[in-house]
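Input: a single structure, listed below in structure tokens.
Per chain, numbering begins at 1; letters A, B, ... match sequence-line order.
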Protein chains: 2
Amino acid sequence: MKKKLSINDIAKSLNVSKTTISFILNGKAQEMRIGEELVDRVLKYVNEVGFKPNSIAQSLRTGKSNTIGLMVEDISNPFFAKIARLIEDRAYQNGYKIIYCSTNNDTKKTKDLITMFRERHVDGYIIAPPEGIEEDIESLLKDNLPVVFFDRHLPKVITDYVEINNRFSTYNATSHLIGEGKKNIAFITFTSPQTQMQDRLKGYKNAMKESGLEPLVKEIVFNQNEDLIIKPITDFLTKHPDLDAVLFGTDHIGSCGLKVIKEMGIQIPSQLAIISFDDYDVFKLHSPPVTAIAQPIEKIAESVINVLLNKLNTPLLNQQPQFITLSTSLNIRGSSKS
Amino acid sequence: MKKKLSINDIAKSLNVSKTTISFILNGKAQEMRIGEELVDRVLKYVNEVGFKPNSIAQSLRTGKSNTIGLMVEDISNPFFAKIARLIEDRAYQNGYKIIYCSTNNDTKKTKDLITMFRERHVDGYIIAPPEGIEEDIESLLKDNLPVVFFDRHLPKVITDYVEINNRFSTYNATSHLIGEGKKNIAFITFTSPQTQMQDRLKGYKNAMKESGLEPLVKEIVFNQNEDLIIKPITDFLTKHPDLDAVLFGTDHIGSCGLKVIKEMGIQIPSQLAIISFDDYDVFKLHSPPVTAIAQPIEKIAESVINVLLNKLNTPLLNQQPQFITLSTSLNIRGSSKS
DNA sequence: ATGAAAGCGCTAACAT
DNA sequence: ATGTTAGCGCTTTCAT
């Protein structure tokens with residue numbers, strides 16, 4: 001087994017000081033006026049023996065870890081999985097690694113995870129924040145650690161975020177249903193104080209009120225166990241046979257809703273028109289295909305990582321935080337036509 | 001801004017040697033026969049001021065990073081996303097962090113990523129390996145770094161792996177179609193030398209041959225761009241109007257196949273019976289619901305992390321590698337009945 | 001232009 | 001039972 005090389009080994013083999021090696025490796029040869037010939041010789045040798053500086057030692061010395069902490073709600077949710085994938089790609093391209101984790105929307109778990117990330121000295125944080133972690137974030141910001149929120153933000157915390165226009169999205173979707181002649185339109189969503197969910201709720205209510213219709217909201221407690229989502233939806237639909245349309249607040253609720261509707265034998269769209277937030281294969285392939293609010297996933301990921309890299313690269317400039325709001329598109333399909 | 005505390009600060013404040021602190025913090029107080037009263041005092045103070053040892057320094061010193069490298073094919077694929085989620089949970093429970101990345105089945109990218117993981121001194125590797133990285137893995141193993149494969153393995157590399165019984169799964173699914181009276185059964189899959197895909201192919205062929213039927217295989221080049229999967233499927237189905245059943249090799253091909261079938265207006269199952277590998281909402285909710293081969297995702301994740309933690313905890317015992325093969329279930333639904 | 005040396009924070013062998 | 005000290009591998013200041 002070959003021993004791992006250190007910068008000292010290189011220095012000895014080449015009869016050069018390790019300082020010089022370090023400078024050359026870090027591109028400071030010019031600055032330090034190191035002979036071009038030496039630079040070549042070192043680079044050639046380093047390459048030959050495949051020496052890589054020990055990044056842990058580098059981290060200890062410089063205080064940078066070249067790591068970004070990514071906290072999503074649930075990595076197995078397609079929305080977050082896709083975002084994570086795109087962020088990962090761009091981060092690696094820029095020499096950053098990603099450490100990720102799922103918060104499960106659990107405040108305590110999230111606090112623990114922030115502590116762990118902190119111990120690991122991650123250079124920057126990308127977070128889809130659950131409620132109740134304001135202090136922890138403030139503490140990060142106080143120590144000059146860059147934090148970018150996405151999907152939602154914490155109203156009391158001033159830091160960069162990337163979101164979509166939730167309020168308009170549900171307003172628009174609801175209006176579409178109203179335009180199709182629907183009157184008894186329910187909104188089924190998760191119970192959540194988070195900004196994105198609150199905004200979706202507001203958009204729905206606004207559209208209903210503007211048209212003089214009575215809002216009917218069913219809130220479901222967030223749970224990993226699908227049965228605990230399906231049950232309340234079933235109860236709700238059973239209790240309100242007079243509904244002519246339903247707007248689902250998230251993709252997860254949407255697909256659970258479809259299961260219930262299938263189970264109950266309700267016809268879409270003749271008996272019930274349907275729209276879901278988020279747009280995935282399950283909606284596109286459904287019969288009839290389901291009208292859905294599509295988030296611009298690539299743009300979200302792109303914006304998030306750009307904002308963070310930007311902050312990482314210019315740490316001294318205490319720039320104004322950026323608040324980015326992106327647009328969704330309403331993909332109208334068979335499930336919402338009358 | 002409060003300065004980060006170090007073990008030295010603690011030692012000074014308490015008028016105790018930092019060795020003692022270190023021993024106490026690492027649970028070696030008993031072993032070192034340190035006074036119980038002192039232990040309490042130290043623990044209390046450490047807790048009070050919120051001191052956490054710098055894990056980077058720990059890593060540098062001990063050579064352990066408490067990090068597991070997880071390399072999946074594509075984190076935005078639900079199969080891998082769910083596995084990742086479960087592995088993440090168990091890893092965090094055991095004090096390990098996960099650094100993950102998507103290989104995209106790209107040999108070169110994977111080699112680079114292994115190098116990166118290595119530089120980061122990850123303690124163990126969980127990999128869904130693409131072909132062509134045999135040497136890199138051998139090199140890891142030579143240096144005593146634990147590697148666990150899942151979803152597939154590399155025949156030339158002897159290390160632990162967790163898989164499903166692919167051959168039987170497709171054999172069984174094909175047999176089911178044959179039992180339903182189908183004769184012209186095609187298998188649409190990705191072109192891949194990987195063991196899981198080869199085994200799926202073999203299972204299909206075996207079933208066909210045993211029944212004296214002619215296998216018809218359409219191989220599609222793996223691509224991120226969905227259009228490049230849909231196009232060849234469309235061409236294939238157009239060219240073979242006499243087919244009465246199709247078995248799809250993966251969930252991704254399966255959902256693309258459904259799109260094609262929908263587009264072409266083919267009736268399931270009257271004109272064409274369908275079975276897909278992997279079982280997700282998109283298949284369950286389809287009309288008619290799609291017969292699917294379900295992988296035991298929880299068991300896979302559980303086995304993988306158990307095998308790895310086991311190796312991590314008993315590094316000296318150069319145990320026999322474990323080869324775990326789990327069973328799938330064939331969930332028969334409307335799409336495959338005659 | 002190059003080298004010596006300090007030190008990032010921690011662990012553990014060794015000394016007492 | 002507790003303290004002293006030598007590094008882990010690297011960067012960077014300061015001296016030459």
Between atom [atom1] in [X] and atom [atom2] in [N], what is the gap in whole Å?
X	N	atom1	atom2	result
B/N8	C/dG7	CG	P	12 Å
A/L14	C/dG3	CG	C1'	15 Å
A/L5	D/dC10	CG	C1'	15 Å
A/I7	D/dC8	CD1	C1'	14 Å
B/L25	C/dG9	CG	P	16 Å
A/I21	C/dG3	CD1	P	9 Å
A/H121	C/dC10	NE2	C1'	12 Å

Looking at B/N77 and B/F79, would you say the former's side chain and the latter's main chain have a donor-acceptor pair under 3.5 Å?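 It does hold such a pair.
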Does A/N105 use its side chain to pair, donor to acceptor, with the backbone of A/E73 at less than 3.5 Å?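 No, A/N105 side chain to A/E73 backbone: no donor-acceptor pair under 3.5 Å.
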Does A/L60 reach a base, just sugar-phosphate, or nothing at all? Heavy atoms under 4.0 Å.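 Touches a base.
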A/G35 near the nucleic acid: base, sugar-phosphate alone, or nothing, with a heavy-atom cut-off under 4.0 Å?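 Result for A/G35 = sugar-phosphate.
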Beyond-backbone contact of B/L70 with A/Y100, side-chain heavy atoms, under 4.5 angstrom: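 Side-chain contact under 4.5 Å: yes.
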Given side chains that start at C-beta, do those of B/T20 and B/L38 come closer than 4.5 Å, heavy atoms only?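 Yes; the side chains approach each other to less than 4.5 Å.
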Taking only heavy atoms on the protein side, list every residue of residues 37-56 of chain B lying under 4.0 Å from any atom of DNA chain C, sorted numerically.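 Within this stretch, B/F51, B/P53, B/N54 sit under 4.0 Å of the strand.
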Would you say the side chains of [X] and [Y] form a donor-acceptor pair under 3.5 Å?
X	Y	value
B/S76	B/D74	yes
B/R90	B/N306	yes
B/S6	B/N8	no

Write out a two-atom table: protein N or O, nucleotide N or O from nucleotides 12-16 of chain D, distance below 3.5 Å.
residue: D/dT12; atom: OP2; partner: A/K28; partner atom: NZ; Å: 3.0
residue: D/dT12; atom: O4; partner: A/T19; partner atom: OG1; Å: 3.2

Checking side chain to side chain donor-acceptor pair (under 3.5 Å) between B/H153 and each of B/E163, B/Q196, B/Q194, which is the one that passes?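 With B/H153 as partner, B/E163, B/Q196, B/Q194 yield a single side chain to side chain donor-acceptor pair (under 3.5 Å), made by B/E163.
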Within less than 4.0 Å of OP1 or OP2 of C/dT11, is there a side-chain N or O belonging to B/Q58?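 Yes, because at least one side-chain N or O of B/Q58 sits under 4.0 Å from OP1 or OP2 of C/dT11.
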Among C/dC10, C/dG3, D/dA1, the one nearest A/S17 by side-chain distance: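 Of the options given, the side chain of A/S17 lies nearest C/dG3.
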Point-to-point distance, once rounded to the nearest 0.5 Å, from OG1 of A/T159 to CD1 of A/I137: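 One finds 8.0 Å between OG1 of A/T159 and CD1 of A/I137.
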